[in-house]
Amino acid sequence: MTDSSRYRPQEIEERWQQHWQSQGLALTPEPGPSGTSGAGEAAEPYYALSMFPYPSGSLHMGHVRNYVITDVIARVQRLRGRAVLHPMGWDAFGLPAENAAIERGVDPGAWTDQNIAQMRQQLQRLGLSIDWDREVATCHADYYRWTQWLFLQFLDAGLAYRSEATVNWDPIDQTVLANEQVDGEGRSWRSGALVEKRKLRQWFLKITAYADQLLDDLPKLEGWPERVRTMQANWIGRSRGAELSFAVVDADGAATGQQIQVFTTRPDTLYGVSYVVLAPEHPLVASLTSAEQQLPVTAFIDLVGRQSDQDRTAEDSPKRGVPIGARVRNPANGELVPLWIADYVLADYGTGAVMGVPAHDQRDFVFARQYELPVQQVIIPEGSDEHAYEGGAWTAAGVLIHSGPYNGLSSSEAKQQITAAAEAGGWGRGRVQYRLRDWLISRQRYWGCPIPVIHCEACGVVPVPAEQLPVELPQGLELAGKGGSPLARLESWVAVACPCCGKPARRETDTMDTFMCSSWYYLRYSDPHNTALPFSRSAVDRWLPVDQYVGGIEHAILHLLYSRFFTKVLRDRGLLGFDEPFRHLLTQGMVQGITYKNPHSGKYIAPADVADPSDPRDPITGEVLDTFYEKMSKSKYNGVDPAVVIDRYGADTARMFILFKAPPEKDLEWDDADVEGQYRFLQRLWRLVEAAADRGLLLSPRSGGFLLEPGSVPASASDQELRRAVHTAIAAISEDLDGDYQFNTAVSELMKLSNAMASQLEAASEPVALEALAVLLVLLAPFAPHLADELWQRLGANPDGDTSVHRQRWPQADATALRRDTVTLVIQVKGKVRGQLEVPADADAATLEQLALASEVAAKWLEGQPPRRVIVVPGKLVNLVP
RNA sequence: GGGGGCAUGGCGGAAGUGGUAGACGCAGCGCACUUAAAAUGCGCAGACGGCGACGUUGUGGGGGUUCAAGUCCCCCUGCCCCCA
């Protein structure tokens, strides 16, 4: 073999990337006047989308996996004749840039642009077929202008409002956070700081107005993973129940006229109420607290203010509270019960007040035990004796007792009847409650999209007129990272004339949550250069909904819920014509690196410092290390740099490895030996095709495709066998790329085809061999695009550079080639495999039974007795039951 | 506590509607080529027993349905995720 014919990805990949770019291979076909765009004109559109990255400046393996998966999908759809939109952009506002500015004094915009340039370059080395002409960056004024414009749409629709609220305050990042951005331990999703409660005036989007739609449309999203839909449903958390009024009474038991509204999902337990609890922040607490309880109540409120919601409401944490020295009347039975405040009731959920039913609610039960409040059982399990309440509350539905006129009713009947009685008696009504809160979008940070409103003493909140957009972020602001909105300190920017009355007014100084920017970027790609609108109705309706969205499961709630909300609002504004933005969603698994940890010291050890991976030991102490796979991160020294892998093996090997190693939704364990194996496979392909070319097997460019006429039956058995392997691969890979994607088995089918060709190509006739070679390279093209195009050219199919393998058509399997004359029949005796028989493929059941009974296997295992029963599965097996 | 998911060789993973378990690859072993090694090619390979033909056993554990169960049903164990 000559030296020049070795597979050297470093020499071919960049060349092909440049060639594709000059050919405009990844550009999005737009419908034009007839005759102007050959491929795109009649083609059906297909939109393949990756979740756009934050431009941190360095590409990691998680990105690579995400974009390679989307790229394969985009390339397959092009080969299938679709007009493909496959864009990329940058989620470019956010704290890292601002922190860099604070720490190093650099300009956040310049810092971000530099990172974008760096990451774009890294991305391009992967050979992704991205249409870079449609790139967007959320921090550029020509993009955020439209984020502001869309905010004004929300404002105009009454879906954006400003309100004083108790909010999550992140003391490290010095900003407020949305509920969705606080984790289960009450920590910020970004900084990890324990979130504090503060009362501030903030902007909200009224996502709760769409709670029902967001929930009810989930079943329509059949192309989404079940668990993402479940997570969203849980997050929205719709519960049906009733709001009931408890009248406040004075020391003599006379009504004071004040009412406490409670929300409950269990109106059937109303007769079991032994107290009512208010949230410590409830507005009536101050006025209802008796003189003697003043001191403990004040102290308690102060204590609770320092706790997170999660700590306060967890079922297993201790419940604390104090009575405030007032009583209320149970509207059903007239009983007087004490009024308490407690940490486990939250002000902003429901009405900020709950009725305490210790016998049938676990938290109430714990609370009642703690403070020796009475426990009144009113529900018993159907058909059973009374529950003894040893361990806790009986929270399931059952039958009512001790409930006056409702005794004997089931829980569900009682819920209806008690709610109806409340409505009739004017002391309550049925109500639906959501866990979902309105979306808090104000951030007291600089590097975000300015909220385009002006505060005027005379006119109130005035939207910035659309023609004055964008409200640009001022340059050269000194960022200190301490206290309040940085923009507020720039008086020259803040002071502005009111657009309404012309008097001096002040700009809003908060910026938007970056999730605002990412809630509509997929719409902008359809029409990225529009200067009159964020997108035209015709462009957005042509390309959307996104056919396939690919990204991490970590966005299951936040980004995906917000984007669905945006889509529904914009639909109602007439800006687009669909209900849901993403038809199919693929949540790819993490990329994990091999991780070594000293079990005694807890220290992570870099793989490079482990001398012998089969017996990993601490390089200093010699202790045996724990070995496992975990998500790649700097602190664990288990990351693998994509650039290093590409330098060594090329992008095609990296792509193939990532696709082959695990199914796309599962976590993937990075393994250098497996990468090496993948590289060997590509080398084998190279040698296979080179050997064929050396023998004079050459493909000439032609328009009619490279397949033999469907139905062709070559004369020789070996040709038939090779053809069967070729068309089996077509059928199998086509199926793996349809619906739910199985790239791992698709790659293994490519390996099988290559193995078959390695042993059979030499003996094959020229037409059959050429068909096999052409099919192999077209099937390979989406996965290893550089190698496929290089070999395609080396086989002579692309002499002028304009008949790339990526411009070919995805092959159709020929049923004739898949047909067999004989098949292997399995012979079972009593369900156990005992032998095999070659039989004619078209033999009927009776023939198969006879062949099986006449076989040696039958003779050996039936011992001369005729079987009691025979089951025949034509084409598969015969089961003899003695 | 509620909901969702997962469990298959030494490892990653394959196995339409129940129908030959372990495809494909990694690691391993043997052979060929080589002075040697690497690379490459060919072959073996779940476990147990047997020189062998072959037999037994085997998809986290237990039970069931069926001619036939990785696949369907019930119970249990362990792990992951979401909500509490």
Side-chain angles (χ1 to χ4, degrees), chain A residues 1 6 183-184 225-237 239 309-317 344 349 361-363 365 391-393 395-396 435-436 553-554 556-557 587 589-590 592 594 613-614 627 629 656-663 665-681 683-684 687 728-729 731-732 735-736 738-739 742-756 758-759 823-837 856 860-861 867-882:
Chain A
M1 193 183 291
R6 291 241 325 260
D183 71 12
E226 181 64 39
R227 66 179 185 134
V228 174
R229 291 190 281 169
T230 308
M231 280 162 71
Q232 292 213 350
N234 288 341
W235 187 262
I236 295 165
S239 53
D309 287 2
Q310 281 75 13
D311 286 346
R312 286 173 56 176
T313 55
E315 254 174 34
D316 48 1
S317 70
Y344 73 100
Y349 184 78
D361 179 279
Q362 186 59 28
R363 281 178 290 197
F365 181 83
T395 57
R435 215 188 73 92
L436 183 72
I553 186 76
E554 66 272 19
I557 294 172
T587 51
M590 288 185 303
Q592 302 179 314
I594 192 156
S614 62
T627 306
Y629 284 89
M656 292 285 284
F657 165 76
I658 278 183
L659 295 164
F660 178 62
K661 177 73 181 176
E665 333 68 47
K666 282 194 71 170
D667 288 347
L668 180 153
E669 297 174 357
W670 190 274
D671 182 326
D672 289 333
D674 282 330
V675 177
E676 196 79 47
Q678 202 54 240
Y679 186 51
R680 284 202 296 264
F681 171 58
Q683 287 173 316
R684 277 202 297 279
R687 284 195 298 270
T728 300
E735 198 184 311
D736 286 341
D738 221 36
Q742 296 178 282
F743 305 110
N744 54 331
T745 49
V747 173
S748 82
E749 291 295 335
L750 280 172
M751 291 171 170
K752 283 189 209 172
L753 176 57
S754 144
N755 290 345
S759 59
V823 293
T824 306
L825 183 76
V826 168
I827 301 176
Q828 295 183 338
V829 178
K830 206 167 177 280
K832 286 195 189 299
V833 178
R834 295 302 182 188
Q836 301 178 340
L837 214 54
E856 287 174 31
K860 178 178 171 188
W861 288 90
R868 219 160 27 89
R869 209 176 148 186
V870 180
I871 288 111
V872 181
V873 183
K876 285 232 165 85
L877 59 80
V878 175
N879 188 7
L880 308 171
V881 187

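Hydrogens, waters and symmetry mates play no part in the numbers below; they use all other heavy atoms, side chains included. Chain letters run A, B, ... following the sequence lines, proteins first, then strands; residues in each count from 1.
One interatomic measurement links the two molecules: CD of Gln678(A) to C1' of rA27(B), which rounds to 16 Å at whole-angstrom precision. In this structure, CD of Glu735(A) is placed 11 Å from P of rU17(B), rounded to the nearest angstrom. With rounding to whole Å, Asp674(A) atom CG is found 13 Å from rG10(B) atom C1'. Nucleotide rA14(B) holds its P atom 16 Å from the CG atom of Leu750(A), rounded to whole Å. In this structure, the CZ atom of Phe657(A) is 12 Å from the C1' atom of rC11(B), given to the nearest Å. With rounding to whole Å, Leu753(A) atom CG is found 12 Å from rG25(B) atom P. Counting to the nearest Å, the P atom of rG12(B) and the CG atom of Leu659(A) are 19 Å from each other. Rounded to whole Å, atom P of rU40(B) lies 11 Å from atom CZ of Arg6(A).
Phosphate proximity of rG4(B) to Arg229(A): absent, as no side-chain N or O sits under 4.0 Å from OP1 or OP2. When the side-chain nitrogen and oxygen atoms of Lys661(A) are compared with OP1 and OP2 of rG13(B), none of them lie within a distance under 4.0 Å. Within the 4.0 Å cut-off from OP1 or OP2 of rA15(B), at least one side-chain nitrogen or oxygen of Gln742(A) is found. The side chain of Arg687(A) places an N or O atom within less than 4.0 Å of a non-bridging phosphate oxygen (OP1 or OP2) of rG41(B). The side chain of Asn744(A) contributes no N or O atom lying less than 4.0 Å from OP1 or OP2 of rA23(B).
Across every strand in view, rC6(B) sits in a pair with rG78(B) that passes the Watson-Crick or G-U test at under 3.5 angstrom. The partner of rG55(B) is rC48(B), by the rule that a Watson-Crick or G-U pair needs both atom distances under 3.5 Å. Checking rA15(B) for Watson-Crick or G-U wobble geometry (two distances, each under 3.5 Å) identifies no partner in any strand. Pair assignment for rG41(B): rC31(B), on the basis of Watson-Crick or G-U wobble contacts that are both within less than 3.5 Å. For rU20(B), there is no paired base (Watson-Crick or G-U wobble, both distances below 3.5 Å). Pair assignment for rU66(B): none, as no Watson-Crick or G-U wobble contacts are both less than 3.5 Å.
Using a 4.0 Å heavy-atom cutoff across all strands shown, Phe681(A) reaches no nucleic acid atom at all. If you check every strand for non-hydrogen atoms under 4.0 Å, Arg684(A) touches sugar and phosphate atoms only.
Only the P atoms considered, rA45(B) is 24 Å distant from rA39(B), to the nearest whole Å. Distance noted for atom P between rC82(B) and rC75(B): 26 Å (whole Å). Nucleotides rC51(B) and rU66(B), compared at atom C1', are 40 Å apart to the nearest Å. Comparing rG62(B) with rG18(B), their P atoms sit 24 Å apart, to the nearest whole Å. One P atom belongs to rU34(B), the other to rG50(B), and the distance between them is 39 Å to the nearest Å. rA23(B) and rG1(B) are spaced 43 Å apart, taking the C1' atom of each and rounding to whole Å. For the C1' atom pair drawn from rG16(B) and rG2(B), the interatomic distance equals 34 Å after rounding to whole Å. Taking atom C1' in both rC6(B) and rG12(B), one finds a spacing of 16 Å when rounded to whole Å.
Annotation: of the two residues near RNA chain B, Ala758(A) and Ile553(A), the 5′-most nearest-nucleotide partner is Ala758(A). Each of Val833(A) and Glu226(A) was assigned the nucleotide of RNA chain B with the nearest heavy atom; the assignment lying further toward the 5' end belongs to Glu226(A).
Nearest to the side chain of Lys876(A), among rG16(B), rG12(B), rC81(B), sits rG16(B). For Phe660(A), taking side-chain heavy atoms from C-beta onward, the closest of the listed nucleotides rG25(B), rC82(B), rG13(B) is rG25(B). Checking rG12(B), rC83(B), rU20(B) against every side-chain atom of Gln836(A), the shortest atom distance belongs to rU20(B). Side-chain proximity of Met751(A) to the nucleotides rG55(B), rG25(B), rA14(B) is greatest for rG25(B). With rC24(B), rG55(B), rG41(B) as the candidates, the nucleotide lying closest to the side chain of Asn755(A) is rC24(B). Listed nucleotides rG13(B), rA23(B), rC83(B) differ in distance to Ser748(A); the shortest reach to its side chain belongs to rA23(B). Here the nucleotide nearest the side chain of Ala673(A), chosen from rA27(B), rG12(B), rG3(B), is rA27(B). Nearest nucleotide to the side chain of Met231(A), out of rA23(B), rG19(B), rC82(B): rC82(B).
Glycosidic conformation of rG9(B) is syn; the angle stays within 90° of 0.
Across every non-hydrogen atom of Leu753(A) and Ala729(A), the tightest pair is CD2-CB, 3.9 Å.
In this structure, CD in Gln742(A) is found 13.0 Å from CG in Leu659(A), a value given to the nearest 0.5 Å. Here the straight-line distance linking atom CD1 of Ile658(A) with atom CG of Asp674(A) works out to 12.5 Å at 0.5 Å rounding. Atom CD1 of Ile557(A) and atom CD1 of Ile236(A) lie 9.5 Å apart (nearest 0.5 Å).
With ring centers used as reference points, Trp670(A) lies 6.0 Å or more from Tyr629(A).
A 4.5 Å side-chain heavy-atom check between Ile553(A) and Arg227(A) finds at least one atom pair inside the cut-off. Put simply, the side chain of Lys661(A) does not reach to within 4.5 Å of the side chain of Lys666(A), judged on heavy atoms. With contacts defined as side-chain heavy-atom distances shorter than 4.5 Å, the pair Leu436(A)/Trp235(A) qualifies. By the 4.5 Å heavy-atom criterion applied to side chains, Leu880(A) and Arg834(A) are not counted as neighbours.
By the ring pair (Phe, Tyr, Trp, His ring centres under 6.0 Å) test, Phe660(A) is found to be paired with no residue, residues two or more places apart in sequence or in another chain being considered.
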ask   = Which letter, B, S or -, goes with each nucleotide of nucleotides 65-70 of chain B from 5' to 3', with contact meaning a protein heavy atom under 4.0 Å?
value = --BS--

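Although no hydrogens or angles enter the test, the distance criterion places a donor-acceptor pair under 3.5 Å between the side chain of Gln232(A) and the main chain of Ala556(A).
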